[in-house]
Peer 1: 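Mind looking over this structure? Questions follow.
In what follows, chains are A, B, ... by sequence order, proteins preceding strands, each numbered from 1.
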There are 2 protein chains.
Amino acid sequence: MPEQSKCTMRDVARLAGVSTSTVSAVINETVAVSPQRKIRVLRAMEALDYEPDAIARSLKTGRTNAIGIIVPDITNAFYPEVIRAAEEAAQEAGYSVLLCDSSEDSNLEERHLSALFSRRVDGILLACCVNSRAQQTLSRRRVPAVFVDRLPPASMVNTVCTDNVQAGCLATEHLIGLGHKRIGLLAGHTALSPHHDRLEGFRKAMQEAHLPILDEYLMTGDVQFEDGFDAARRMLHLPVPPTAIMASNNKLLMGVLRAAEEQPLRIPQDVSVLGFDDYLWNEHFNPSLTAIAQPARQIGRKSFELLQQLISGPAAARDSPLHAVFPAELRVRRSTGAPRG
Amino acid sequence: MPEQSKCTMRDVARLAGVSTSTVSAVINETVAVSPQRKIRVLRAMEALDYEPDAIARSLKTGRTNAIGIIVPDITNAFYPEVIRAAEEAAQEAGYSVLLCDSSEDSNLEERHLSALFSRRVDGILLACCVNSRAQQTLSRRRVPAVFVDRLPPASMVNTVCTDNVQAGCLATEHLIGLGHKRIGLLAGHTALSPHHDRLEGFRKAMQEAHLPILDEYLMTGDVQFEDGFDAARRMLHLPVPPTAIMASNNKLLMGVLRAAEEQPLRIPQDVSVLGFDDYLWNEHFNPSLTAIAQPARQIGRKSFELLQQLISGPAAARDSPLHAVFPAELRVRRSTGAPRG
DNA sequence: AGTGTCAAGCGAAACGTTACGATATGGAGT
DNA sequence: ACTCCATATCGTAACGTTTCGCTTGACACT
């Protein structure tokens with residue numbers, strides 16, 4: 001049964017018969033220590049079950065080896081994957097992760113930021129919420145930060161995200177390729193960069209195919225199940241309804257499914273359905289759901305890598321912002337098919 | 001544009017023309033300060049955009065106002081809900097959360113624990129992984145800890161979880177009530193307390209109904225999609241197959257669905273299907289999935305509350321372990337029905 | 001022998017806070 | 001006028017590290 005571990009570097013030093021500086025040198029391998037002393041120190045550390053106090057170390061060095069991650073809603077299955085990958089990379093590099101959930105509330109987001117500043121984190125990974133003031137708040141500080149997935153309107157920031165314009169394009173082209181001409185889009189909250197960009201991709205693809213974009217086939221704004229249900233129902237009841245509907249968010253998509261079921265319309269024979277964000281269970285739906293998949297793990301890992309680069313690189317390197325963009329992938333399943341007739 | 005905020009208590013004190021002790025007193029409201037001085041201090045803090053250094057404070061006070069949360073897999077949708085609720089409660093109480101994902105790997109779990117100890121967190125919330133040594137590791141330290149959802153075999157620990165025996169009972173009774181006599185169970189990894197307990201609940205309910213428990217209808221061990229698929233397929237190909245199958249884990253359940261589809265068997269006419277853990281999309285499956293729902297948010301919140309009690313209560317109070325058990329809830333949907341004939 | 005070089009080790013001063021004992025200040029009670 | 005107390009304020013010693021400059025020996029070269 002080892003010690004109660006209430007022990008400090010001084011205890012180790014005393015037991016080993018050396019000074020605390022030597023213990024520190026052994027721990028950090030910062031200067032050479034003779035082998036026999038090194039062994040004495042290591043033995044003492046072992047015997048006392050010594051563990052360096054990260055707090056004291058941070059106070060002295062000014063570095064905490066901790067980063068903050070703020071997401072708008074950890075319950076949204078996309079973020080856990082990002083977080084996991086980032087945390088994995090962080091842990092490999094000896095960093096810990098302080099997790100904050102802003103609940104899509106910019107005031108809470110600000111409070112989280114303050115807390116992180118106060119804790120002197122070395123850097124921040126942020127998927128910002130609607131109406132976020134984070135960009136200004138961060139620019140006042142000297143804390144390295146990388147915006148992930150949800151980007152602020154401002155430009156001079158470091159970012160990692162999916163190429164959502166391409167994603168919107170890809171999805172639309174898939175449907176056009178199947179023969180669809182009337183495509184509906186529940187675009188979500190266009191103040192959020194992913195939703196905004198997907199809409200843009202949609203527009204681009206439609207234009208390139210010389211297809212008109214009808215107001216009745218476009219819905220922006222809220223992103224809950226009921227919103228999707230209402231919007232899809234409205235579209236499907238039009239005199240000339242769309243033959244395919246895309247939803248920029250999972251809950252909206254569920255709403256579309258429900259609206260189709262209600263009529264009832266068969267998927268994909270009567271209406272094709274496509275979602276953004278691919279989840280494990282999409283494959284097991286009946287019919288299985290065609291979806292755009294984002295490389296969440298890559299995004300998470302890359303975010304941390306960029307952040308670490310900012311943290312440990314020279315301060316000058318922070319002047320021109322870093323960017324990483326990943327392509328989205330289309331997973332074709334059974335919920336999309338050729339339109340009737 | 002405020003200051004660069006490289007400022008310390010001394011800067012504030014100098015500007016306000018008081019001593020650092022007074023500034024500290026104002027911040028912590030630990031001793032009375034005359035109104036006019038208090039105002040001077042507050043103004044100075046404002047002017048310098050001062051933010052207390054949590055690191056220095058922690059070093060001095062021995063408290064970090066941070067807790068650690070370790071989960072086996074944040075990608076499992078149950079945990080984000082727990083985490084969110086716990087984090088919410090923590091943030092309300094002025095605590096930050098250090099998040100760790102053990103990837104179901106006990107060595108990584110140990111490393112995370114060490115890191116948390118080193119960072120001197122005030123307490124730890126832990127959903128332990130298979131073969132966890134966390135209980136021993138924690139018992140050596142004086143760090144308050146609460147085990148959440150996944151409990152270690154040992155008894156003298158603080159715990160918060162669903163009543164999984166009742167959950168297993170409830171699910172089984174539901175099927176028995178519908179007229180099922182031959183019920184299959186993919187019980188998952190019985191070394192994990194939730195899975196173990198659900199199996200026990202199943203046994204109890206079957207016994208009370210005087211129904212036999214057949215080995216061929218019981219599968220334990222792995223918990224991946226393929227495992228569920230193989231096991232369900234095997235059961236459904238038996239000369240006398242079960243008329244209902246329950247799965248203790250979402251991936252297993254997906255395997256069951258796939259196996260049924262393959263035959264093909266209709267759900268619920270040919271075979272009823274029931275899952276543990278209720279997710280948003282269960283309702284939107286076709287057919288919608290009957291499931292046991294755990295009160296994840298309540299569990300998360302309560303976990304933090306108990307932990308805080310341990311942290312701020314007298315050390316003596318830590319002797320007899322705290323427990324909180326929440327009832328599970330059955331959500332009856334379309335995937336379960338009366339057996340044929 | 002005297003000098004210079006170098007590595008290994010040490011002591012002490014920070015880092016930014018809090019907490020504690022000590023010191024002023026100003027009435028009220030005698 | 002004197003003590004006595006309560007109240008407000010301050011100086012300073014920690015907390016457990018790292019870092020920096022200094023000392024010490026050992027050793028090689030004149």
Peer 1: Scan side-chain atoms only and decide if B/Y79 and B/D149 contain a donor-acceptor pair under the 3.5 Å cut-off.
Peer 2: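 Result is yes, a qualifying pair exists.
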Peer 1: Is it true that the side chains of B/N131 and B/S106 contain a donor and an acceptor less than 3.5 Å apart?
Peer 2: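 The criterion, which ignores hydrogens and geometry beyond distance, is not satisfied for B/S106 and B/N131.
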Peer 1: Please report, rounded to the nearest Å, how far the P atom of D/dC15 is from the CZ atom of A/R57.
Peer 2: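 Checked: the CZ to P distance equals 19 Å.
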Peer 1: Roughly, in whole Å, what's the span from CE in B/M9 to C1' in C/dA19?
Peer 2: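 Checked: the CE to C1' distance equals 11 Å.
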Peer 1: Does any part of the side chain of A/L125, heavy atoms only, come nearer than 4.5 Å to the side chain of A/F147, both counted from C-beta?
Peer 2: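 Not in contact.
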Peer 1: Which nucleotide in the set C/dA19, C/dC10, D/dT17 lies at the smallest distance from any side-chain heavy atom of A/R37?
Peer 2: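 The nucleotide sitting nearest to the side chain is C/dC10.
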Peer 1: Could A/R297 and A/E88 be called an ion pair, given the rule that one side-chain N must be under 4.0 Å from one carboxylate O?
Peer 2: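 Yes, this pair counts.
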Peer 1: What is the distance, to the nearest angstrom, from the CG atom on A/N65 to the P atom on D/dT18?
Peer 2: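 So the CG-P distance, A/N65 to D/dT18, works out to 12 Å.
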Peer 1: Give a yes or no on whether a salt bridge exists between A/E92 and A/R301, defined as a side-chain N under 4.0 angstrom from a carboxylate O.
Peer 2: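 Between A/R301 and A/E92 there is a salt bridge, with a charged N closer than 4.0 Å to a carboxylate O.
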Peer 1: Find the distance B/R119:CZ to D/dT17:P and express it as a whole number of Å.
Peer 2: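 Checked: the CZ to P distance equals 14 Å.
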Peer 1: With a cut-off of 3.5 Å and sequence neighbours excluded, list every side-chain donor-acceptor pair involving residues 31-48 of chain A.
Peer 2:
residue : atom : partner : partner atom : Å
A/R40   : NE   : A/A16   : O            : 2.9
A/R40   : NH2  : A/A16   : O            : 3.0

Peer 1: Nearest whole Å is fine: how far is C/dA8 P from A/Q36 CD?
Peer 2: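 For the pair A/Q36 CD and C/dA8 P, the rounded distance is 10 Å.
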Peer 1: Record whether the side chain of B/K60 comes under 3.5 Å of the base of D/dA14 through a donor-acceptor pair of N or O atoms.
Peer 2: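 Donor-acceptor pair under 3.5 Å: yes.
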Peer 1: Do the charged groups of B/D53 and A/R119 touch, with an N to O distance under 4.0 Å?
Peer 2: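 Salt bridge: no.
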Peer 1: To the nearest Å, give me how far apart CZ (A/R120) and C1' (C/dT17) are.
Peer 2: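 So the CZ-C1' distance, A/R120 to C/dT17, works out to 11 Å.
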Peer 1: Let me know the distance between CD1 of B/I55 and P of C/dT18, rounded to the nearest Å.
Peer 2: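 Atom CD1 in B/I55 sits about 13 Å away from atom P in C/dT18.
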Peer 1: Where along residues 18-35 of chain B does a heavy atom fall under 4.0 Å from DNA chain C?
Peer 2: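 Those residues are B/S21, B/S24, B/N28.
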Peer 1: Can you measure A/L48 atom CG to D/dG16 atom C1' for me and round it to whole angstrom units?
Peer 2: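 Going from CG in A/L48 over to C1' in D/dG16 covers 15 Å.
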Peer 1: Side chain of B/L59: nearest nucleotide among C/dA19, D/dT18, D/dC15?
Peer 2: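 Nucleotide nearest to B/L59's side chain: D/dC15.
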Peer 1: In terms of side-chain heavy atoms of A/R10, which of D/dA14, D/dT19, D/dT17 is nearest?
Peer 2: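 So the nucleotide nearest the side chain must be D/dT17.
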